[in-house]
Every structure is written in structure tokens, then in C-alpha cells.
Amino acid sequence: MKLGRRRLLGSLLSGLAALVSGAPARWLAAYAEPLVTPRPLFSPGSRRLLAVFADAIVPEWNGHPSGGAGDFTARFEALAEVTAGRADNYGRFFERFVKEVDARVPLLPGPPDPAELGALFERWHREFRTETKTTFAAQFFEMLRRDVMRAYYATPAGWRSVDYHGPAHRATPDGGPRA
Amino acid sequence: MSDADVLVVGAGAGGAVAAWALVQQGVRVTLLETGPRFEVAQYETYSPEFEVRESPFVRFESDPAQRSYESGEGEPLDPAFAELTSRTPTLFSRPPRAGTRRAPFLWSRALGVGGSTLHYQGEAHRFPAHAFRMRSERGVAADWPITYDELAPFYERVEKLLGVAGDPVNPWKPPRGPYPYPAHPLSRASRRLAEGARELGWEALPNPVAILPRPAPGRAPCHYCNGCVRGCPVGAKGSVDVAVLPEAERSGRLQIVTGFHASRLEHGKDGRITGVIGFDGAGREQRRRARAVVLAASAIETPRILLNSAGGAHPKGVGNANDQVGRHLMETLYVLRYVSFDARLETYAGIPLDFRIWNGNGAAGPGEVPHGIVLGALASVFEGPVGTALEGVPGLGRAHREQLARRFGATLALLGVAEQLPRSENRVVLGQGRDRFGAPLARVETRLDAGDLAALRLAWRRLGQLAEAAGVAAETGQVTAYDQPNASHVAGTCRMGDDPEQSVVDRVGALHGRPELVVADASVLVTEGAGDSPSLTLQALALRAAEALAARARRGEV
């Protein structure tokens, strides 16, 4: 199903609302799958939405043989635990974000199209900068991008995807074989 | 009661060398360090998550409970230098609008036994001879009270102590003998850049580094993991916790006390310095006494301690009768231009800073500046896949993935470091805020002047020339001190000199009029060494100062 931008925007915003409220948005039902063990950082609905974002940011994630969306969110939360202040940051940004969009945009149902997320993020960024004179939306999505990439590329699968074998794999000054 | 003959405050580059030198002279030393002591096993170089786990010792002062300084909003940016504006790949094709003011001062430091040598990349530079005579030879800044020749024997001894590898042939430096170890071979990327430099008539020379190319007692050779900033997992890097302190401890005359936060100096009615007052981890006040004190807490913490010791015979702070403590702060003027080559060069392997170009250190030509400028490349800037994905490639999704596949192992940052000339108004003072022990925070007041900006611009332009000559495929971003101060090298706040009205310590690092108090960190530097890294110089000065202190003690002068 091809969604219009407004519909797409609304669906993602409803999902973001679910991140804070914990109330499942209607479209999330379409993604109903067994969830990995719940963690304190995100509600089940939040985890599903994060997985959608993750798939847009690193498409390989869901194709990873040992992974899938559940794998990502669990890892995401694990990394949040080792990064001081990260969980607090998410809570703060989600709360601010949803408060602002709730006041401006009606929530509409429908699953998001990951392929359009990049353009959508940019549009949000412009809108928020223009209309609210803040850059917090930009900061929020930059933070999300950073954490998704950190979660993926700090794994053996992420290393393999760029043919990397670790920092001490080739113990010579130029990375070549030892003579 | 005396705990030791001498108290040394700060177990970093200078404090450790001073402590080592004192125990060699038969002096009993207690070394006081705020941070903990680390084991190399704590450096997670081999973990898949090495890039995302925070280094155990790095403190960027983001934690209010840990911070020791405050800084106000930076000065307005000069739009005439807009090409220096920092920009890094982001999610958005149009990054957030650049600010109109310089970001607040950021001090990149490490806390723990080893201090900043825990995260330094081993650069072991002797300053060029002209750096000691900037007023006489360049007409700017000030002359040191000592010359290169006076310091050279101490440079040589510290190089042996740390295990410095280098090539003695360097036309930009005074003639010298061989280094303790031969230079490391250049990485593939550095060889490519060296070819570009040659086309420009420049020389990319091996960077002298305190990194072992072959084993030494108790230390393994470098395995070229490129991860010096996270702590060397094999002890190849000459951080002082590995290369200096173990031998000093074996003497039986050195006690290292961790978790001691030095706050102020204790002094008697006659003004004599009698000890150090600080706090342990539980916030309990502690007093340590000795015949002499060596301050080596950094160019920000040392003036804070001196200024926070005001009272009695030192109403304006210890050593501050002439309002010189804290002045002449020099930060790090850097330019990083991120570049990507068209071929994979394994940029994540090798010595992180394995070459330098000193051609900018000659006498200033037309359109140039008197500041020294040193160029190189920072291979470690992206570390591994995470860093490259985040900072080396913009955007997200499949397009990001495709670009990352091309750029991983092919990206690095060209690095230019320009010398900042000392100015009285750039300084450390006591701020309004308080640390967790109730002491005033240091307040860092620093601005760039027209000369600093011109030097940054020249470094930026030369890196652009180097990029073009080396045939880089793309430039993907840049970060500069123009709008993003990030000082790993800070210096000059207790400058050395013969005139007490213009300096804080004398030519052997002792406070003017108080021979029992010595400063042995980068505070004493008069100039920044033409863009070279300061650690070896401050260590040579610390060695010299400690031996002079031991001699005074033998003569009964302290």
C-alpha cells in the first residue's frame, strides 16, 4: 500500500505518541509478532516503532541472519545501558517531540514506508526549525541515527558488512601481512 | 608530621616524571592523584563494542559532579573566516544552521594515574629552537628564560625513559643523535599523503612517538591497532603509568595515593608552603605535609589550586602577588578535514599520527603568519566501522550503506595544528561555580584573535593543498577550533621567566620566592612550541625542575 506523505507523517507521529504513552497505536497491530524480553527503556509499542526506524537507517539489520527487529531493540537497549545518560535523553526528547506534534498534526493510522523516512526526517527538521525555532527534532533524529548505527556496526555482523576484522587483526603499520 | 619529603600533585606526564626523578635522587615522594589507577586489561580494544564503550579514563567534563572548570559562551564568530566552520556528515543534507558564537571552551582530559598520557597518541616532540626565542626571532610572544640547548640533555633522558621511536633527520629541528628506537614505517595512507606532500615541495617526516617498535622490559611492541586514545592494551605506548612509575615504585621511596582531590595549599604565617589540603572520595578533608610540593595537575587545575590557596601571606593566591597566575593560557588551534580516498588503504591500522609536515615552521613568508603550523593526518579519527558510519558518511539507508562500503578503510582526517601565541587576557580565574567539594571551579576565559584565525586559515588552506596533491576522492566534513574549541593541549598559565612581574615560576620551575613549591606541568610553558605536542617538553622541564629541587633539598634550602 502506497501512503501519502500526510498519512505517513501521521502514522509515525502516532507511533511516537505510543512511545511515551505506552498506548498502542492502531497500525502497530499490523506488526504484531512475538517480542523479545521487555526491558525498562521502551514499551512494546516503542520497540516495534524503533525497529521500523532501525530498518530505515540500516536496511541490513532486519536481513541479518541472527537478527531482525527484536534483536535490534534488545541490543539498542543494552547499549543504552552502557552509555551514561542515554535513556534519560530519549525520554526527554520523546516527551518534547510528542507534545509539539500533538498540538499540530492529527494522528492518522497506517504503517510507515521506511524508504521515505529520510525525506520525511528532513521535512520534519525544516518544519520544526521554521515553526518552533528549535532544532530539537533534528537533535532527536540525529541521536536516533547515531544509536542505530552504533548498535549495528559494533557487532560482528556489522564488521563483516564492511570487511573489517578488528583493530588488531593485522599487526603491521600499514595493515598488510606481517613479513 | 611529614608524610614524605615531597608531595607531587598529579600523576600525569609531568608529575610522574618529577616523582621518578626525585626518587632517583633518594627523595621520599607521595604522589597524589584524583583519578584511579587502571590496568591494561580495562582497555577494551578487542571487544566488538570497543567503539561504543566509553573509555574508562576520559572525562570531557560533561558530568557536573566531576567537572573542575566552567566557561562562558564563546565569542561572536567572525564571518570573514566562515570557511573554517565545522561541518560533519549528518542525517540531513542541510545541517543545522551554524551558530553565531564560538562554542564554550572544551577541555579534553583524562583522569587517572597516567593523566593525559593515558589517551595521548605518543607524540614526543622536541620543540624547535626558535620556539624558545619567539620574541627575539619572530617579534611576537616572549622568549623563554632557557634555550633549546639547555633543555636538550633532559629531552634525551626522557626519550630514553619513555622509549621514543623516531628518525633523527629533520631539517626543521636542531641536529640531534639517534632516537632510542628507529622510526615506525609509515602506513599506506601516510605514504600516499607523503607523495602528495612531495609534489608540493614539502616533507612528510616520521613523527617521533613514544611507542615501542620492539619489546622492552615489561612492555610489548606496538601491534598497530590504532587505538592509542583508548589506552594501550599491550603497554607499547609510553604512558607514564607504564613507562615511568613502575620503576619509581620499585625504589621503595614512592607512594601513590589515588582518589585524592587536591584543593588548596597549606601555608604558614611566613608564607612557606607546608602541604596540600584535599578530599578523599568520600568528601573527607585530608591534609598532607612535606618539605616541598610539586604541582603537576595541568594548566587549568594548577592555577586553580594556587588561586584557591589565597589567604595569610598570600592574599591574592599563592604565587599571584603580581596577578600572573592563570594568565597566558594557550589552547589547541586545530583543523581536521575529513577526506576519503578512492582506494581502501586500511586507515584504521597503524600509528595514529605517524608523520608530520613541519614546512610551516620556517620564517614567515609573504601572506604567512609568525605562528608555527604543523600538518599531519589523524588516522584514528573514525576508529572503526561505527565511527566511519557516523562521521565519515552522511545520510542513512541503502545510499549510506553503499557509500560506507566505498569509504571504510579509505577515510581519515587531515590534521593541522597552529600555534596559539600567549596573551595575557586569555586566562584561568576562579569562577562562581563550586565543585563537589565546595571549592571554586576554574573559569576558562579564552578568545581567538585575528592572528589565531589567520593561523587557522593558513593551516586549513595547506591541508586543502595536501588533499588535492594526494588525490583524495572526496572531502566529507571538517571540525575546527574556529567554532568548536576542543583543547587536549592547554599550557602557559604559570609561565616560566626571570622577571617575577611577568612570570610565575623561575627558570627551574620553582615559584618566584618560594623554592619549596615547584610547578611541573604544561603551565610553565612560555610558548606552544610552534604547533608541536607539548608532553615531551613539559616532561623534560619536569625532570630538570625535580633535580633542581632535590639539589636545593640537599643544600638545606627547602
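This structure is a prediction, so every number in the text was calculated from the model and none was measured. Excluded from the calculations below are hydrogen atoms, water molecules and symmetry mates; all remaining heavy atoms, backbone and side chain alike, are included. Below, read A as the first sequence line, B as the second, and so on, with proteins coming before strands; counting in each chain starts at 1.
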Bottom line for B/Val234: the part with an atom under 4.5 Å from chain A's heavy atoms is neither
Would you call the rings of B/Tyr348 and A/Tyr164 parallel, tilted or perpendicular if under 30° counts as parallel and over 60° as perpendicular?
-> perpendicular
Options B/Leu404, B/Thr388, B/Thr347, ranked by heavy-atom pairs under 4.5 Å with chain A, top entry = B/Leu404
Results of side-chain contact (heavy atoms from CB on, under 4.5 Å) for B/Val386 - residues two or more places apart only = A/Arg150, A/Tyr153, A/Ala154, B/Glu51, B/Val52, B/Leu390
